Number of protein chains: 2
Amino acid sequence: MSRPCPQHQHPHRLIQQPLSDLTDKLRQGELKITAPRQAILDVLRKHSSPLTIKEIHTSLGKLDCDLATIYRNMHTLERMGLVRRYDFGDGAARFELSPEDSDAHHHHLVCSRCARIVELDDCFLNEFQDQLAHRHGFTQISHRMEFFGICPNCQAP
Amino acid sequence: MSRPCPQHQHPHRLIQQPLSDLTDKLRQGELKITAPRQAILDVLRKHSSPLTIKEIHTSLGKLDCDLATIYRNMHTLERMGLVRRYDFGDGAARFELSPEDSDAHHHHLVCSRCARIVELDDCFLNEFQDQLAHRHGFTQISHRMEFFGICPNCQAP
DNA sequence: CTGAAGATTGCAAACCGCTTGCATCTTCAA
DNA sequence: TTGAAGATGCAAGCGGTTTGCAATCTTCAG
């Protein structure tokens with residue numbers, strides 16, 4: 001199934017692309033380069049796991065823009081493929097930068113107590129998902145998968 | 001991976017247990033047998049795929065109980081293991097009767113346009129999930145997985 | 001460099017699914 | 001039959017998210 005190669009454990013997490021890269025992508029998408037936009041992308045670049053809107057907002061610190069602005073920007077950036085949205089079932093969407101390889105994706109192991117997030121290897125479901133689509137006549141197939149449990153820190157001593 | 005045995009395609013969908021069975025389970029759980037409770041279970045027994053609270057409410061028809069009552073009951077029934085909760089990411093929880101084999105579970109293929117739901121075979125992730133828990137030191141591991149796509153009916157003609 | 005067009009923002013109000021406090025009603029064991 | 005525990009209806013409230021609108025900012029052609 002997935003390969004537990006240690007070097008591959010967190011491959012595309014700390015995304016290294018220079019800011020100019022992102023700026024270019026914004027321009028390509030006919031998006032204007034605004035302070036909130038840049039700051040949001042900055043925050044996401046600094047974190048390795050998905051953040052909620054609130055977390056993004058507080059991480060913005062000095063540049064304290066409106067929540068509605070962040071919500072709107074996350075939609076825009078998602079539509080452009082720059083960020084990816086996750087839903088861990090606690091009622092708040094989370095976002096992280098898309099990996100450079102836009103076809104790749106991965107899943108998460110989330111602690112139900114402290115919400116610590118472990119990023120897993122690249123997904124191994126693509127082949128299965130294609131079979132499924134074919135069998136049931138579906139197109140534009142995709143999937144969501146998350147794992148939940150109690151992380152080592154949260155297990156009673 | 002999963003076996004596409006046609007007879008097994010929708011094995012535990014139409015749950016056949018007589019109502020008295022459910023009644024017994026309610027009693028065991030020290031739950032009182034009330035009209036809304038019975039009606040909700042009735043509605044779930046008549047449907048093969050997960051229903052939202054709204055759908056349950058309108059399906060109740062004549063017995064038009066309060067939404068809060070349904071919400072509260074779904075919690076209770078879930079805690080008792082009588083129903084299972086699903087989250088397809090559209091912001092509304094969905095519920096279906098638990099299969100008789102309470103260890104078994106399955107996943108869904110959901111049409112992103114019309115919300116048609118295809119019930120899939122029993123899950124094949126248990127082994128993988130256990131490996132994952134062991135590798136990362138997590139306990140009480142569980143997972144969610146859903147597939148999305150455009151169903152045959154919704155594909156442009 | 002400037003101004004106009006259009007995108008973006010902040011603010012406030014609204015929305016939606018869901019939860020909760022409270023008074024009243026129902027169930028069920030004794 | 002009766003009363004305690006549990007369940008319901010109603011209305012208010014909550015958290016995450018969306019939206020209408022007027023003001024502001026980015027961009028680019030001139």
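By convention in this document, chain letters (A, B, ...) are assigned in the order of the sequence lines, proteins followed by strands, and residues within each chain are numbered from 1. Quick note: numbers below take in every heavy atom, side chains included, and nothing from hydrogens, waters or symmetry partners. Here the structure is a predicted model, which means the values were calculated and not measured.
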Quiz item: When you check the side-chain N and O atoms of B:Asp66 and B:His57, is any donor under 3.5 Å from an acceptor?
Solution: no
Exercise. Using atom CD1 of B:Ile70 as one end and atom C1' of D:dT8 as the other, report the distance to the nearest whole Å.
Key: 12 Å
Quiz item: Just checking A:Ala93: base, sugar-phosphate only, or nothing, at a heavy-atom cut-off of under 4.0 Å?
Solution: sugar-phosphate
Quiz prompt | First encountered from the 5' end of DNA chain C, between B:Ala35 and B:Ile53 | solution = B:Ile53
Practice problem: Figure out the CG/P separation between A:Leu63 and C:dT8, and round it to whole Å. | Solution: 16 Å
Practice problem: Among C:dC18, D:dG16, C:dT9, find the nucleotide with the atom closest to the side chain of A:Tyr71. | Solution: D:dG16
Quiz item: Considering only side-chain heavy atoms of A:Arg72, which listed nucleotide, D:dT8, D:dG20, C:dT8, is closest?
Solution: D:dG20
Practice problem: Give a yes or no on whether the ring-centroid distance for B:Phe124 and A:Phe128 is below 6.0 angstrom. | Solution: yes
Quiz item: Quick one: which of C:dC11, C:dC28, C:dA5 gets closest to the side chain of A:Lys32?
Solution: C:dA5
Exercise. Measure from the side chain of B:Arg37, starting at C-beta and using heavy atoms only, and say which of C:dC18, D:dT19, D:dA7 lies closest.
Key: D:dA7
Quiz item: Can you name the nearest heavy-atom pair linking B:Pro50 to B:Glu119, along with the distance?
Solution: CD-OE2, 3.3 Å
Exercise. Can you tell me the distance, in whole Å, between the NE2 atom of A:His57 and the C1' atom of D:dT17?
Key: 14 Å
Practice problem: Kindly point out which of D:dG9, C:dT19, D:dT18 is positioned nearest to the side chain of A:His75? | Solution: D:dT18
Quiz item: Can you tell me how far C1' of D:dT8 sits from CG of B:Leu60, to the nearest Å?
Solution: 14 Å
Self-check item: Whole angstrom value for the distance that separates C1' of C:dT19 from CD of B:Glu78
Solution: 15 Å
Self-check item: Of B:Asp42, B:Asn73, B:Thr76, the residue whose pairing with B:Arg37 passes side chain to side chain donor-acceptor pair (under 3.5 Å)
Solution: B:Asn73
Quiz item: Are B:His143 and A:Glu146 close enough that a side-chain donor and a side-chain acceptor fall under 3.5 Å?
Solution: no
Quiz prompt | Spacing of B:Asp90 atom CG relative to D:dT17 atom P, expressed in whole Å | solution = 14 Å
Quiz item: Starting at CD1 of A:Ile40 and ending at C1' of C:dG10, how long is that distance when rounded to a whole Å?
Solution: 14 Å
Exercise. Select one nucleotide: of D:dC10, C:dT8, C:dC28, the one nearest the side-chain heavy atoms of A:Thr34.
Key: C:dT8
Quiz prompt | Interatomic distance where CG belongs to B:Leu31 and C1' belongs to C:dA29 [whole Å] | solution = 16 Å
